[in-house]
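Okay, structure first, notes after.
Chain naming here is simple, since letters A, B, ... match the order of the sequence lines and numbering starts at 1 in each.
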Amino acid sequence: MRSSQLFGKTSKSEGLDYKIASHRLLTQAGYIRESTAGRLFFLPLGQRVQNKIIDVVRKHMEGIGAQEVLMPTLHPLELWQETNRTTTVSFELMTIKDRRDAEFALGGTAEEMAVDLVRKFNVSYKDLPFSIYQFSMKFRDEMRARGGLLRVREFIMKDAYSFGTEAQFKKTYQQYWDAYAAAFTELGLKTDVVAADNGYIGGEYCHEFVSESDAGESRYFIDETSGYAAHEDVATFQVDEKNLDEELQELKPVEAVRGTTMEDGVKLHNMPLWQQIKDVLYFDEATKRYILAIIRGDFDVNETKLMQAAGAWELRSATEEEIRDDLGSEPGFISPVDFAKQGKNSGHTVVIVADKSLRTVRNAYGGANRKHQDLLSINIDRDYVPDIEADIALAQPGMKSLKGGELIEKKGIEVGNIFQLGYHYTNLMKDAEYTDDAGTRQKYYMGCYGIGIGRTMAAIVDAHHDEKGIIWPDAIAPYRVYLARLGGDEAVVQAADELYQKLQAAHIDTLYDDRDISAGQKFADADLTGIPHRVVVSARTLKENAIEYKQRDKDAAEVISLDELLASRL
RNA sequence: CGGGGUGUGGCGCAGUUGGCUAGCGCGCCUGGUUUGGGACCAGGAGGUCGAAGGUUCGAGUCCUUUCACCCCGACCA
C-alpha cells in the first residue's frame with residue numbers, strides 16, 4: 001500500500017482530550033474514527049489490525065476443533081423470552097420491529113440462538129462434544145461508552161458455544177482456557193485468568209482473561225503465592241476471629257447522640273470498628289423486597305455477592321424515606337434487632353442477609369432503629385436471626401486469601417471470558433437434547449466463550465506503546481514494513497519503487513511512504529503508526545548501495561544490504 | 001439518570017460588557033524553493049458559528065427549548 005493512496009490520515013493534534021492512550025493513539029494514527037458515542041468506524045489500518053486479530057483467534061479456535069458459523073444479527077425475541085432474559089438484561093437489550101411487527105433483539109450475545117440452531121438438528125451422543133463459534137457484531141445499549149474501544153455499543157465479538165455431556169465439560173472448558181491463553185500470548189498480551197461473576201449469563205462459574213492496565217475497568221485480586229486470582233465481585237478471603245473468647249453480655253439499650261457514620265459510633269462508644277455492626281439497606285426492584293445487609297464494621301458489602309446470596313437482580317440503595325416510613329427505622333441507626341417489625345406488619349417483604357464475619361465477633365454494638373438510640377452487646381442467634389447467612393464481604397488489598405497468601409489488588413481490561421453454563425439454557429429451552437447410547441433424550445451441558453476483538457486491540461495498544469506512538473507486535477501489525485523514501489531524486493524514487501516491488505513479490509506486507517513530505521514527518525508517522533519494521537531508502541543509503549533498517553521498539557538503526565534484510569530481518 | 005465540561009471550515013482553537021466583511025494554527029489545492037526527525041515563500045478553496053425558537057435596528061455573543069459529544073458517578077464485557 002502506498003501512503004499517498006491510503007485513506008485515513010494521521011494527525012499531530014495534541015489537543016485531543018481523550019484520557020485513554022489507546023483511544024488517543026488509534027485516533028491520531030488513523031485507525032479508528034468515532035461515529036457517535038460508542039460506535040466506531042474502523043479505517044483501513046484499523047480494519048487490517050482487527051482482521052489480523054480475528055485470524056489469530058480463529059486459528060486457535062480451529063485448533064481445538066471449534067467450527068465457525070455465522071448467526072443472524074436480529075434474534076427472534078421469543079427466544080429471549082424463553083430464557084427470561086428480556087427482563088434480566090432489559091437494561092441493555094435493544095429491540096427492533098420489522099414491517100410485520102415481529103419483534104427482534106439486536107444480538108448482544110447469542111446463547112439462545114446457538115441452542116436454537118442446535119436443537120434444529122437430531123444430534124447423537126456420538127457427535128459430542130462439539131463447539132460452534134462466530135465473529136459478529138454485538139450490540140449493547142451501554143449507559144455510557146468510554147475510552148474509545150474499551151466500552152462501546154457495538155463491536156465484533158468472537159463468541160463460542162460448546163455442547164456436550166456433563167462428564168465431557170471439564171476437558172472442553174480447559175481446552176478453551178488453554179486456547180485463550182495461547183491466543184492472547186500470540187497477540188502480545190499477558191493476561192491474568194481470574195474467577196468472576198456470571199451475571200445474567202447464568203451458570204455456576206466463569207473466568208475472565210484480564211490484561212493488567214490502569215485504563216481497565218476490572219478490579220481483581222491475585223494471591224501470587226498460590227496463584228489464586230479472582231474478580232473483586234467474587235474474591236474470597238480469610239476472616240480473622242476477633243473476641244470469641246469473651247463472655248456474652250446482656251443486651252443493653254443506651255442513649256446515643258451521635259452522627260450517622262461508622263466513625264461516629266466508634267468515637268461515641270470508644271470501641272473498635274470491627275465490633276460495630278454495619279447495616280446497609282437495599283431494595284430489589286426485580287423482586288420488590290427490602291434487603292438488609294449486615295456485616296462486621298471493618299468490612300464493606302459486596303453487592304454482587306449480596307445479589308447472589310439473596311437472589312436479587314436490580315439492587316438499589318433504599319431511600320431515607322423508605323427506611324423511616326416503610327420500615328420504621330432510622331438512617332444511621334438501623335439494627336437487625338427487631339428490624340422492621342412494623343414493616344412486616346405493613347406488608348413489605350424484608351430479607352436480612354448476614355455476612356459470615358458476624359460469627360467472629362461477640363457483644364457487638366450498633367443502632368436500635370431509633371434516632372439517638374444504640375444497642376450494646378448484640379449477639380447473633382440470641383438477639384437477631386438472619387434469614388440468610390453468607391459471604392457478602394468485599395475483599396480488600398492486604399487481606400489473606402483462603403490459600404494463605406496476601407491479596408494484591410490489580411486493575412485490568414477484560415478481553416475474554418469463559419463460562420460454564422451447565423444446563424442453564426438447555427433447561428429453559430425446550431428440546432435442547434441429544435440422544436444418548438441408550439436411546440433416551442438428554443439435555444446438553446453447555447459452555448460459552450467470548451473474546452472482544454476491538455477491546456483486545458485497545459488492550460494491545462495499551463500494553464505496547466511509547467510517547468511517540470503505537471508499537472505493534474508482528475502478529476497483528478497492519479503492515480510488517482514501513483518503507484520510507486526520503487527525498488525526491490529520480491534515483492531514490494526508482495530504488496524505493498523497486499524495493500517496494502520486491503517486498504510485495506516476497507509477500508511482505510508493506511506500507512510504502514511515497515509522499516513528497518519531509519523526512520521528519522515520515523519518521524514521526526512511522527513511529528505513530530507503529531509498524532514494527534522500518535526501512536529507509538535515501539540518497540545516503542543509495543550511495544552505500546544498501547538500505548537502512550530499524551525496528552520500532554529499538555533506538556538504533558543499521559545499514560545493511562537488501563539481501564541481508566530479506567534473509568534475516570523480516 | 002445525577003454532577004462537571006464542550007459544541008465556531010477536515011483537525012485543534014480564539015472570538016463571551018451584542019456592532020458592521022467571523023479569525024488563527026495545522027491540514028487541503030496551485031506554483032516555486034526544499035528533503036535524515038513534524039521545512040519555507042507566494043497565491044487559493046473551504047464555515048447558514050450543533051439545531052429550533054425568541055429578544056433586538058443589529059446575535060457566534062443575551063434568553064428559552066432541544067440535540068450531540070467529553071470527563072466523573074450510578075450501572076455494565
Side-chain angles (χ1 to χ4, degrees), chain A residues 7-20 23-24 27-28 30 33-39 88-93 108-109 138-159 196-201 206-211 216-218 231 233 285 303-304 307 313-317 412-419 448-456 458-459 468-469 484-489 492-493 513 515-528 534 536-543 548 550 555 557 559:
Chain A
F7 177 70
K9 290 182 187 306
T10 56
S11 155
K12 64 176 171 183
S13 307
E14 308 278 325
L16 284 176
D17 62 344
Y18 298 152
K19 289 280 165 65
I20 310 288
H23 189 189
R24 191 183 66 247
T27 304
Q28 255 180 267
R33 189 70 171 238
E34 291 187 347
S35 167
T36 60
R39 303 182 201 281
T88 55
V89 299
S90 58
F91 50 84
E92 67 170 14
L93 192 66
T109 172
K138 296 293 184 293
F139 298 84
R140 302 276 171 95
D141 197 6
E142 297 288 345
M143 291 179 180
R144 179 156 90 88
R146 76 177 272 276
L149 284 170
L150 283 183
R151 174 167 299 285
V152 294
R153 297 197 168 100
E154 45 185 281
F155 60 99
I156 293 178
M157 177 162 94
K158 187 284 304 177
D159 47 327
D197 179 57
N198 294 49
Y200 57 82
I201 300 277
C206 73
H207 291 86
E208 291 181 354
F209 284 72
V210 184
S211 175
E217 300 180 293
S218 285
H231 195 279
D233 290 343
E285 292 286 358
E303 295 183 7
T304 302
M307 285 198 280
W313 273 109
E314 282 181 79
L315 225 49
R316 62 163 174 84
S317 295
I413 301 167
E414 181 193 346
V415 288
N417 47 27
I418 53 179
F419 289 85
C448 74
Y449 318 86
I451 291 178
I453 303 300
R455 187 183 276 185
T456 297
K468 289 179 180 168
R485 186 199 78 200
L486 303 190
D489 290 356
V492 172
V493 173
D513 197 341
R515 296 173 298 175
D516 288 320
I517 57 174
S518 69
Q521 270 186 76
K522 293 195 178 187
F523 291 142
D525 273 356
D527 289 340
L528 178 61
R534 190 184 80 188
V536 175
V537 173
S538 68
R540 191 193 290 178
T541 65
L542 221 52
K543 209 180 296 173
E548 179 190 289
K550 178 184 170 300
D555 286 331
V559 177

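The distance between atom CZ of A:Phe7 and atom P of B:G10, rounded to the nearest whole Å, is 14 Å. Distance NZ (A:Lys9) to C1' (B:G12): 17 Å, rounded to an integer number of Å. For the pair A:Ile453 CD1 and B:A77 C1', the computed distance is 13 Å after rounding to whole Å. Summarising the geometry, the separation between CZ on A:Arg515 and C1' on B:U34 is reported as 17 Å, rounded to the nearest angstrom. Summarising the geometry, the separation between CG on A:Leu528 and P on B:G37 is reported as 18 Å, rounded to the nearest angstrom. Regarding A:Met143, its CE atom lies at a distance of 17 Å from the P atom of B:C71, rounded to whole Å. Atom CD of A:Gln28 is separated from atom P of B:G27 by 15 Å (rounded to the nearest Å).
Residue A:Glu34 places its side chain closer to B:C70 than to any other of B:A77, B:G38, B:C70. You'll find that the side chain of A:Arg144 is closest to B:G73, out of B:A77, B:G38, B:G73. Listed nucleotides B:A77, B:G36, B:C72 differ in distance to A:Thr541; the shortest reach to its side chain belongs to B:G36. Between B:A77, B:G36, B:G38, one nucleotide has an atom nearer to the side chain of A:Glu414 than all others, and that is B:A77. Checked against B:C70, B:G37, B:A77, the side chain of A:Val152 finds its nearest nucleotide in B:A77. The side chain of A:Leu486 approaches B:G36 more closely than any other nucleotide in the set B:G36, B:C75, B:G37. Of the candidate nucleotides B:G36, B:A77, B:C75, B:G36 has the atom nearest to the side chain of A:Ser538. Comparing atom distances between the A:Val536 side chain and each of B:C69, B:G36, B:A74 picks out B:G36 as nearest.
Between B:U48 and B:G60, the two C1' atoms lie 12 Å apart (nearest whole Å). Spacing of P atoms, B:U65 relative to B:G19, comes out at 25 Å, to the nearest Å. Spacing between B:G25 and B:G9 at atom C1', rounded to whole Å, works out to 13 Å. With both ends at atom P, the span from B:G3 to B:U66 equals 14 Å, rounded to whole Å. The P atoms of B:U55 and B:U61 are separated by 15 Å, rounded to the nearest whole Å. Atom P of B:U8 sits at a distance of 35 Å from the matching atom of B:C76, rounded to the whole Å. Nucleotides B:C62 and B:G5, compared at atom P, are 15 Å apart to the nearest Å. For B:G32 and B:G15, the P atoms lie 40 Å apart once the distance is rounded to whole Å.
Among the protein residues, A:Ala519 comes within range of the sugar-phosphate backbone only, with heavy atoms under 4.0 Å from sugar or phosphate atoms but none that close to a base. Contact annotation for A:Ser317: no contact, since no heavy-atom pair falls under 4.0 Å across all strands. Using a 4.0 Å heavy-atom cutoff across all strands shown, A:Thr36 reaches sugar-phosphate atoms only and no base atom. Using a 4.0 Å heavy-atom distance criterion, A:Asp525 is classed as a base contact. A:Asp489 comes within contact range of no nucleotide atom at all, as no heavy-atom separation falls under 4.0 Å. Within 4.0 Å of A:Arg39, counting heavy atoms only, lies no atom of the nucleic acid at all. Within 4.0 Å of A:Arg151, counting heavy atoms only, lies at least one base atom of the nucleic acid. As judged by a 4.0 angstrom heavy-atom cut-off over every strand, A:Val537 is placed among residues making no nucleic acid contact.
Neither OP1 nor OP2 of B:U35 sits under 4.0 Å from any side-chain N or O of A:Ser518. For A:Gln521 and B:A39, the shortest distance from a side-chain N or O to OP1 or OP2 is below 4.0 Å.
As the counterpart of B:G10, B:C26 is assigned, both hydrogen-bonding distances of the Watson-Crick or G-U wobble pattern falling under 3.5 Å. When Watson-Crick and G-U wobble pairs are counted only if both distances are under 3.5 Å, B:A51 pairs with B:U65. Base pairing of B:C20 is not made with any nucleotide, judged by Watson-Crick or G-U wobble geometry with both donor-acceptor distances under 3.5 Å. Nucleotide B:G73 forms a pair with B:C1, judged by Watson-Crick or G-U wobble geometry with both contacts under 3.5 Å. Using Watson-Crick or G-U wobble geometry with both donor-acceptor distances under 3.5 Å, B:U35 finds no partner in any strand shown.
Contact of the A:Glu217 side chain with the A:Arg146 side chain is registered, since non-hydrogen atoms from C-beta on lie closer than 4.5 Å. Side chains of A:Leu486 and A:Phe523 form a contact here, defined as non-hydrogen atoms less than 4.5 Å apart. Residues A:His231 and A:Asp197 are not in side-chain contact: their nearest non-hydrogen atoms beyond the backbone lie 4.5 Å or more apart. The closest side-chain heavy-atom distance from A:His23 to A:Glu34 is below 4.5 Å. In this structure the side chain of A:Arg455 never reaches within 4.5 angstrom of the side chain of A:Val152, judged on heavy atoms.
When each of A:Arg540 and A:Ser35 is assigned the nucleotide of RNA chain B bearing its nearest heavy atom, the one mapping closer to the 5' terminus is A:Arg540. Nearer the 5' end of RNA chain B, as judged by each residue's closest nucleotide, is the contact made by A:Asp527, out of A:Asp527 and A:Leu315.
Of the listed residues (A:Val536, A:Val493, A:Asp513), just one forms a side-chain contact (heavy atoms from CB on, under 4.5 Å) with A:Arg485, and that residue is A:Val493.
Remark: the A:Arg534 side chain and the B:G37 base include a donor-acceptor N/O pair separated by less than 3.5 Å.
Between the side chains of A:Thr10 and A:Asp525, at least one donor N or O lies within less than 3.5 Å of an accepting N or O.
For the atom pair CG of A:Leu150 and CD1 of A:Ile413, the computed distance is 5.0 Å after rounding to the nearest 0.5 Å.
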